[in-house]
Amino acid sequence: MNQLFKIYKILLKTYGQQGWWPLLELSNSSLPKNPNKTGSLNGYHPGDYSYPKTNDQQFEIVISTILTQNTSWTNVEKALANLQKENLLSPFALQSCSLPKLKQLIKPVGYFNQKANYLKEITKFYISLNGKVPKREELLNIKGVGPETCDSILLYAYKQPFFVIDSYTKRILYNLKIISKKQKYEDIQKLFQDNLPKDYKLYQEFHALIVEHAKQFYTNRKDGKTDFLLKL
DNA sequence: AACCAGGACGTGA
DNA sequence: TCACGTCATGGT
């Protein structure tokens, strides 16, 4: 069993299923609650990899990937709630929303001037897809969509096996000396995809577990405790 | 009260 | 290519 898969098994055993990507409409559902999760609305759905089930849920994930860029999820929840209150969590509705109003509604996520324009662009693209699965290159050509956002959309909104590499992933792998500082995004992604079965469920769970583990061990830690993954 | 959060873009060298 | 400044609200 390779090292990455060992890490996955240990993280899964340690933290349990994470239930990404969270959806606003599940906030008041009776799905099992993970008390460790950030965000108050509990849109997570641990163990259920069938989401998104509707086009609007798919669209919500797409715009959430833009909103959450360099921003905490609690702030994203506020913006999503604002949009939902105006019935804008659907592609054509959002497309017809005025830019100033959109900026106002997503203000809690920060960078709202940029992100409002990005949302407009990706909404137009989403509608043009007409239900088809986007290609990676197409997504990367959209302003506001970099590699991580692109792969998040493919993995969580479209269930395509693209591994998401975020700053947490790099931080952990570098600390474990699995990668070097100058490894590029696609190199690290290839490392995961070459050593794991091409299973979108596995990719979703693993990435979410990495985020959870990074929050536990790599942020606000002053006790100097070392990452238990080091002793593998 | 500085610092960070589920990044990406534009610029200059 | 690459390092660096910029975008901005809300939590600790």
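Note that the structure is a prediction, hence the values are computed from the model and not measured. In the text below, chain A, chain B and the rest are named by the order of the sequence lines, each starting its count at 1. Keep in mind that the numbers below use all heavy atoms, side chains included, and drop hydrogens, waters and symmetry copies.
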Min side-chain heavy-atom separation Y156(A)-Y51(A) under 4.5 Å |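 A side-chain contact under 4.5 Å is absent here.
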Any side-chain heavy-atom pair of L80(A) and S64(A) under 4.5 Å |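 L80(A) reaches S64(A) side chain to side chain.
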Atom CD1 of I165(A) and atom NZ of K184(A): how far apart are they, to the nearest 0.5 Å?
->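 Between I165(A) CD1 and K184(A) NZ, I get 14.0 Å after rounding to 0.5 Å.
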Short side-chain to backbone donor-acceptor contact, D151(A) and E148(A), under 3.5 Å =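 Answer holds: no.
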Is the side chain of T71(A) donor-acceptor paired with the backbone N or O of V109(A) at a distance under 3.5 Å, no angle test?
->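 Such a contact is found between T71(A) side chain and V109(A) backbone.
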Which is true for [X] with a 4.0 Å heavy-atom rule: it touches a base, it touches only sugar-phosphate, or it touches nothing?
X	value
D166(A)	nothing
L140(A)	nothing
V76(A)	nothing

Out of dG6(B), dT9(C), dC4(B), which nucleotide sits closest to the side chain of P22(A)?
->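 Within the option list, the nearest is dG6(B).
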Nucleotide nearest P147(A) when distance is taken to its side chain, options dG6(B), dT9(C), dA8(B) = dA8(B)
Could you work out the separation of [N] and [M] based on their [atom1] atoms and round it to a whole Å?
N	M	atom1	answer
dA3(C)	dG6(B)	P	25 Å
dA8(C)	dA2(B)	C1'	15 Å
dG10(C)	dC3(B)	C1'	12 Å

[X] has an atom [atom1]; how far is it from atom [atom2] of [N], in whole Å?
X	N	atom1	atom2	result
K181(A)	dC2(C)	NZ	C1'	16 Å
Q216(A)	dC4(B)	CD	P	19 Å
K215(A)	dT12(C)	NZ	P	13 Å
N82(A)	dT9(C)	CG	C1'	12 Å
E205(A)	dG6(B)	CD	P	17 Å
E148(A)	dC9(B)	CD	P	12 Å
L23(A)	dG6(B)	CG	C1'	15 Å
I172(A)	dG6(B)	CD1	C1'	12 Å

Dot-bracket for DNA chain C, 5' to 3', Watson-Crick and G-U pairs with both distances under 3.5 Å, [ ] for crossing pairs, | for partner on another strand, reads |||||||.||.|
Pull out every residue in [range] that has a heavy atom closer than 4.0 Å to any atom of DNA chain C, ordered by number, or say none.
range	answer
residues 55-69 of chain A	none
residues 184-197 of chain A	none
residues 97-123 of chain A	K107(A), P108(A), G110(A), Y111(A), F112(A), N113(A), Q114(A)

When you look at NZ of K198(A), are more than 12 heavy atoms from neighbouring residues, nucleotides or ligands closer to it than 6.0 Å?
->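 For K198(A), atom NZ is crowded (more than 12 foreign heavy atoms under 6.0 Å).
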Listed partners of P134(A) passing side-chain contact (heavy atoms from CB on, under 4.5 Å), at least two apart =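 In terms of side-chain contact (heavy atoms from CB on, under 4.5 Å), with neighbours along the sequence ignored, P134(A) is linked to F125(A), L129(A), E138(A), L139(A), L154(A), Y158(A).
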So, S50(A) versus D48(A): side-chain donor-acceptor pair below 3.5 Å or not?
-> yes
Measure up the W21(A) and W73(A) rings against each other and bin them: parallel (under 30°), tilted (30 to 60°), perpendicular (over 60°).
->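 Because their plane-to-plane angle is over 60°, the rings of W21(A) and W73(A) count as perpendicular.
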For the residue pair Y44(A) and W20(A), does the interplanar ring angle fall in the parallel (under 30°), tilted (30 to 60°) or perpendicular (over 60°) class?
-> tilted
Does the gap between the ring centers of F5(A) and Y8(A) come in under 6.0 Å?
->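 Between Y8(A) and F5(A), which both carry aromatic rings, the centre distance is below 6.0 Å.
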Distance-only check: which donor-acceptor pairs under 3.5 Å involve side-chain atoms of residues 93-107 of chain A, not counting sequence neighbours?
unit_1  : atom_1 : unit_2  : atom_2 : d
S96(A)  : OG     : F92(A)  : O      : 3.2
S96(A)  : OG     : A93(A)  : O      : 3.0
S98(A)  : OG     : K101(A) : N      : 3.3
K101(A) : NZ     : E86(A)  : OE1    : 3.2
K103(A) : NZ     : N113(A) : OD1    : 3.3

Results of side-chain hydrogen bond (donor to acceptor under 3.5 Å, both in side chains) for D166(A) - residues two or more places apart only = T169(A), H207(A)
Judged by whether its glycosidic angle lies within 90° of 0, dG12(B) is anti
With hydrophobic residues grouped by side-chain heavy-atom distances under 4.5 Å, do V164(A) and L176(A) end up in a single group?
-> yes
Hey, is W20(A) doing a stacking thing with dG6(B), by the 5.5 Å centroid and 30° angle criteria?
->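 Per 5.5 Å and 30° rule: yes, stacked.
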Under the salt bridge (Lys or Arg N to Asp or Glu O under 4.0 Å) test, residues paired with R171(A) that sit two or more places apart | none
For K170(A), check salt bridge (Lys or Arg N to Asp or Glu O under 4.0 Å) against everything at least two apart and list the hits.
-> none
OP1, OP2 of dG7(B) versus side-chain N and O of S167(A): anything below 4.0 Å?
->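 Indeed, a polar side-chain atom of S167(A) lies that close.
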Is any side-chain nitrogen or oxygen of R171(A) closer than 4.0 Å to OP1 or OP2 of dC4(B)?
-> no
Review item, nucleotides 10-13 of chain B N/O atoms under 3.5 Å of protein N/O:
none

According to the ring-ring contact (aromatic ring centres under 6.0 Å, His included) rule, which pairs have a member within residues 174-194 of chain A, sequence neighbours left out?
->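 For residues 174-194 of chain A: F163(A)-F192(A), F192(A)-F206(A).
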Closest nucleotide of DNA chain B for Y156(A) versus for G144(A): which of these residues is on the 5' side?
-> Y156(A)
Pairs satisfying side chain to side chain donor-acceptor pair (under 3.5 Å), at least one member in residues 122-135 of chain A, at least two apart =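 Counting only pairs at least two positions apart or across chains, the side chain to side chain donor-acceptor pair (under 3.5 Å) contacts touching residues 122-135 of chain A are Q58(A)-Y126(A).
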